[in-house]
Protein chains: 2
Amino acid sequence: MDGTTASSTQLLRQINSEALLRFALQEQVFTAGEAMAATGLTRATVLGVCDGLVDAGWLEEVNDGAEAGRAPKGRPARRYQLREAAGVVVGLDAGESHFTVIVADLRGRELGKRRRSIDSHALGRAGRVRSARELIRLALADVGRDADDVLLTVVGVPAPVDAEGRSPGGGEFWQLMNSGFDQDLQGKVLVENDANLAAIAEQAQQPSANVATLLSGERFGAGLIVDGRLLRGRRGGAGEMRFLDILADNKPDDEGISDGFGALARKWARKRVHSYEGTTSLRRLPEDGINAEDVFQAAREGDPLAGDIIARLGVRLARIAVVLSSLLDIERVVIAGGIARGIDPVLEHARSLLPVDSGLPLPELVASSLGADAVVQGAIESALTGIRHEPMAFLPRALQP
Amino acid sequence: MDGTTASSTQLLRQINSEALLRFALQEQVFTAGEAMAATGLTRATVLGVCDGLVDAGWLEEVNDGAEAGRAPKGRPARRYQLREAAGVVVGLDAGESHFTVIVADLRGRELGKRRRSIDSHALGRAGRVRSARELIRLALADVGRDADDVLLTVVGVPAPVDAEGRSPGGGEFWQLMNSGFDQDLQGKVLVENDANLAAIAEQAQQPSANVATLLSGERFGAGLIVDGRLLRGRRGGAGEMRFLDILADNKPDDEGISDGFGALARKWARKRVHSYEGTTSLRRLPEDGINAEDVFQAAREGDPLAGDIIARLGVRLARIAVVLSSLLDIERVVIAGGIARGIDPVLEHARSLLPVDSGLPLPELVASSLGADAVVQGAIESALTGIRHEPMAFLPRALQP
DNA sequence: GACCTAAATATAAGATCCAAATAAATTGAG
DNA sequence: CTCAATTTATTTGGATCTTATATTTAGGTC
């Protein structure tokens with residue numbers, strides 16, 4: 001189990017093994033010939049490397065007769081595949097009020113999923129970790145696995161996260177959300193900002209080198225991908241949008257500096273629903289029961305108060321888009337998270353507000369199609385990327401003794 | 001001269017050669033023992049690799065008796081150094097009104113320098129390239145070199161530049177500035193945005209993974225380094241600051257959207273010097289003769305009109321700092337270029353405007369110490385980085401036949 | 001000149017890859 | 001059923017490169 005650097009003579013073998021394994025991680029079943037084409041190595045070398053990977057527990061030779069669609073002539077090729085039992089990855093969206101876990105195999109196929117409501121403030125840091133561990137255990141048990149099968153767990157939290165997985169000490173909230181998962185979950189764990197994970201998920205869906213993903217339900221966060229790379233910042237603060245309220249003409253009243261579109265729509269609606277001078281269907285709802293969905297729905301039906309709120313959100317979104325496009329040359333702004341479902345009217349209004357004479361092309365504004373799963377999907381994607389990046393850094397679950 | 005990939009058996013040798021060469025690029029003279037420590041290879045291997053690099057023209061064995069401070073025991077070590085004749089790098093600041101060229105050796109020591117005023121609009125694209133070629137020729141001749149000695153030339157231009165070295169087609173100005181140097185200068189050429197090069201120079205001076213460098217004399221440009229990496233954006237637009245005028249409460253009047261602090265100070269002073277109601281020392285100057293230096297000087301002497309202008313610039317700078325700090329977690333904002341000399345009062349005022357209650361630490365605001373040479377210094381630094389990154393991609397000037 | 005030391009060289013062994021030759025497995029034709 | 005054709009697997013020999021271990025060498029010291 002020593003991770004010591006291999007001697008220089010063995011370096012070449014390791015390089016080739018990694019290349020081959022990276023290829024295997026993206027294929028179902030493959031022959032030596034296919035691996036030769038992918039890696040540029042000789043047949044003898046490929047087979048030798050495959051031998052090593054079988055011994056290590058990464059690959060297994062497949063011998064079932066169902067050799068669909070193979071060439072009708074010649075000696076049949078030996079076929080390999082990633083060993084199912086080698087391990088799985090776990091993604092966890094550790095939000096403020098919900099946990100979502102997905103267990104996936106090493107090719108990214110979702111094996112199992114669990115969701116649970118939690119009360120973070122009642123649980124505290126230790127309680128959040130305990131609850132996460134339990135939920136992961138259940139999700140693994142659902143698919144007949146246990147914690148030893150997990151090669152890598154990626155956790156998304158609603159807080160800035162630096163490169164070491166820590167959050168700045170400023171806010172208590174951040175420390176509560178980033179509950180120390182990397183210490184107290186089993187195996188290798190990566191902690192990442194939730195919006196960053198959503199951005200990774202979006203980019204996997206529709207690749208683009210310069211895209212911003214806004215996670216904007218209750219709290220506001222942005223994942224920024226520039227030149228194909230996720231931005232982090234020293235303390236993980238890249239993607240914070242505090243400047244909106246600091247710069248903007250409107251002084252921040254009661255709405256918190258980090259409120260997302262969902263929270264804003266709800267707050268604005270509740271505040272104005274009685275003082276509003278026109279007729280509004282929102283008044284039929286109990287004031288404490290109005291939420292963002294109701295506002296979006298009313299706006300679609302032509303309600304004027306809801307329309308006003310949509311317009312204000314549109315202004316806010318347009319501002320964000322202008323800054324991102326101008327400062328970072330962002331090509332596409334994606335609204336992700338549960339809020340994405342009803343956000344279209346806001347997008348339309350924001351598009352109409354974008355300046356037309358600014359020289360450079362305008363950013364595209366779109367809603368995500370991943371829904372509320374964006375964060376946890378991004379966690380899986382991130383875990384797979386990590387394994388593909390240096391597969392040999394992970395040890396597959398050993399063969400039966 | 002074929003850049004074909006080496007056969008896999010020779011790959012290891014190439015890896016080791018690159019590592020050793022990278023080490024040599026940062027040392028004056030070194031022994032095999034030192035190289036062994038740096039690369040982790042055996043003595044026999046190191047000597048073999050050195051042999052190869054001598055044959056290739058990268059290294060030379062040094063045999064002069066001046067073996068300063070060597071260990072007094074044992075057989076003397078063979079000592080190697082980078083071959084001076086292997087080549088040089090060239091940096092060119094191809095501004096709107098000035099060209100500056102620096103010729104440096106492969107360790108970054110400045111060998112020669114030339115500066116020339118030009119009239120870009122009279123010269124046109126072809127004229128700019130011609131003028132650049134001539135100035136480079138002269139600078140090389142000054143130090144007894146010619147164009148064949150140049151391994152890499154890096155050119156800084158005041159325009160957005162994408163990863164392929166091209167500028168967006170929107171403005172004629174950008175096309176004029178990015179004059180096609182990569183096509184028409186001899187040897188390998190990289191074209192880069194001038195503010196980006198200034199950022200590279202600043203980072204080399206005082207390393208920091210998250211820093212913004214504002215090049216803000218006549219035109220405004222920013223070089224953004226986040227997570228230790230320069231941001232570019234798809235069309236090279238990262239670092240543009242158009243949002244300032246789009247968002248801000250003040251509608252853009254005559255000042256151009258991309259005016260730098262120097263241009264703004266001059267324009268504001270000239271416009272208000274006569275209508276200003278107080279006394280101002282600026283009135284003693286001819287209206288067409290006032291420039292930014294005069295305004296800064298007057299402000300230092302307590303002139304109220306100059307003070308007003310400084311304050312307006314401070315507001316602008318503070319806005320920029322807030323956005324950069326919040327959106328990208330930038331730790332330090334550097335004002336670079338010729339304007340940096342008198343900028344201190346603006347920095348002071350801007351610091352006083354930064355919000356104190358924003359949770360995260362505030363960005364540091366500093367003036368560059370590189371003066372007007374920041375861009376060309378960054379060009380040299382960038383060229384060296386390029387060579388260090390994959391030295392074997394460059395062929396040293398051949399040995400005497 | 002004998003002696004000491006650290007580096008250079010020489011030699012042998014191990015690891016890896018490639019190229020070419022050989023062997024095996026499968027299909028399809030006669 | 002046998003046999004050629006075909007494709008792949010395996011074996012073998014050669015080349016490159018690195019390491020480890022001796023052996024030699026170059027300078028200094030006593």
Side-chain angles (χ1 to χ4, degrees), chain A residues 4-21 29-56 59 61-81 392, chain B residues 4-21 23 29-56 59-81 392:
Chain A
T4 61
T5 60
S7 131
S8 180
T9 39
Q10 289 152 306
L11 183 61
L12 203 46
R13 196 39 169 304
Q14 186 175 337
I15 291 174
N16 288 338
S17 295
E18 291 220 342
L20 185 43
L21 191 43
V29 184
F30 63 94
T31 67
E34 290 160 1
M36 286 165 65
T39 61
L41 297 171
T42 307
R43 162 164 274 112
T45 308
V46 166
L47 290 172
V49 170
C50 284
D51 264 2
L53 291 174
V54 168
D55 287 347
L59 299 183
E61 199 168 347
V62 37
N63 281 318
D64 55 352
E67 318 186 6
R70 54 182 292 282
K73 287 181 176 179
R75 174 172 176 170
R78 286 171 67 174
R79 285 147 62 244
Y80 297 90
Q81 67 183 4
M392 307 298 275
Chain B
T4 61
T5 60
S7 133
S8 183
T9 39
Q10 288 151 307
L11 183 60
L12 200 46
R13 195 40 170 297
Q14 186 176 336
I15 291 173
N16 288 338
S17 294
E18 290 222 344
L20 185 43
L21 191 44
F23 168 73
V29 183
F30 64 94
T31 67
E34 289 160 2
M36 288 165 63
T39 62
L41 298 171
T42 308
R43 162 164 276 111
T45 308
V46 165
L47 290 172
V49 170
C50 283
D51 264 3
L53 291 174
V54 168
D55 287 347
L59 299 182
E60 61 191 358
E61 198 166 348
V62 37
N63 281 318
D64 56 352
E67 318 185 5
R70 56 181 289 281
K73 287 180 178 178
R75 174 173 178 170
R78 286 171 69 173
R79 285 146 64 242
Y80 297 89
Q81 67 183 5
M392 306 298 274

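Below, read A as the first sequence line, B as the second, and so on, with proteins coming before strands; counting in each chain starts at 1.
To the nearest 0.5 Å, the span separating CG on L12(B) from OG on S8(A) amounts to 4.5 Å. Atom CG of L41(A) sits about 4.5 Å away from atom CG of N16(A), to the nearest 0.5 Å.
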Would you tabulate the nitrogen or oxygen pairs shorter than 3.5 Å linking the protein to nucleotides 13-17 of chain C?
from	atom 1	to	atom 2	distance (Å)
dC17(C)	OP1	N16(A)	ND2	2.7

If you restrict it to nitrogen or oxygen atoms, what contacts under 3.5 Å exist between nucleotides 8-13 of chain D and the protein, and what is each distance?
from	atom 1	to	atom 2	distance (Å)
dT8(D)	O4'	R75(A)	O	3.3
dA9(D)	OP1	R78(A)	N	2.7
dA9(D)	OP2	R43(A)	NE	2.6
dA9(D)	OP2	R43(A)	NH2	3.2
dA9(D)	O4'	R75(A)	NE	3.4
dA9(D)	O4'	R75(A)	NH1	3.2
dA9(D)	O4'	R75(A)	NH2	3.3
dT10(D)	OP1	R78(A)	NH1	3.2
dT10(D)	OP2	R78(A)	NH1	2.6

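Remark: Q81(A) engages V29(A), E60(A), V62(A), R107(A) in a side chain to side chain contact (heavy atoms under 4.5 Å, CB included) (not counting sequence neighbours). Every residue meeting the side chain to side chain contact (heavy atoms under 4.5 Å, CB included) condition with L47(B), not counting sequence neighbours, appears here in chain and number order: A32(B), R43(B), Y80(B). When the salt bridge (charged side-chain N to carboxylate O under 4.0 Å, His left out) test is applied to E61(B), the partners found at least two apart in sequence or on another chain are R78(B). Qualifying side chain to side chain contact (heavy atoms under 4.5 Å, CB included) partners for I15(B), counting only residues two or more places apart in sequence or in other chains: I15(A), L11(B). Under the side chain to side chain donor-acceptor pair (under 3.5 Å) criterion, E34(B) pairs with no residue at all, not counting sequence neighbours.
Scanning all heavy atoms of the two residues, the minimum distance from L53(B) to L20(B) falls at CD1-CG, 4.2 Å.
One atom, CE of M36(B), and another, P of dA20(D), lie 10 Å apart when rounded to the nearest Å.
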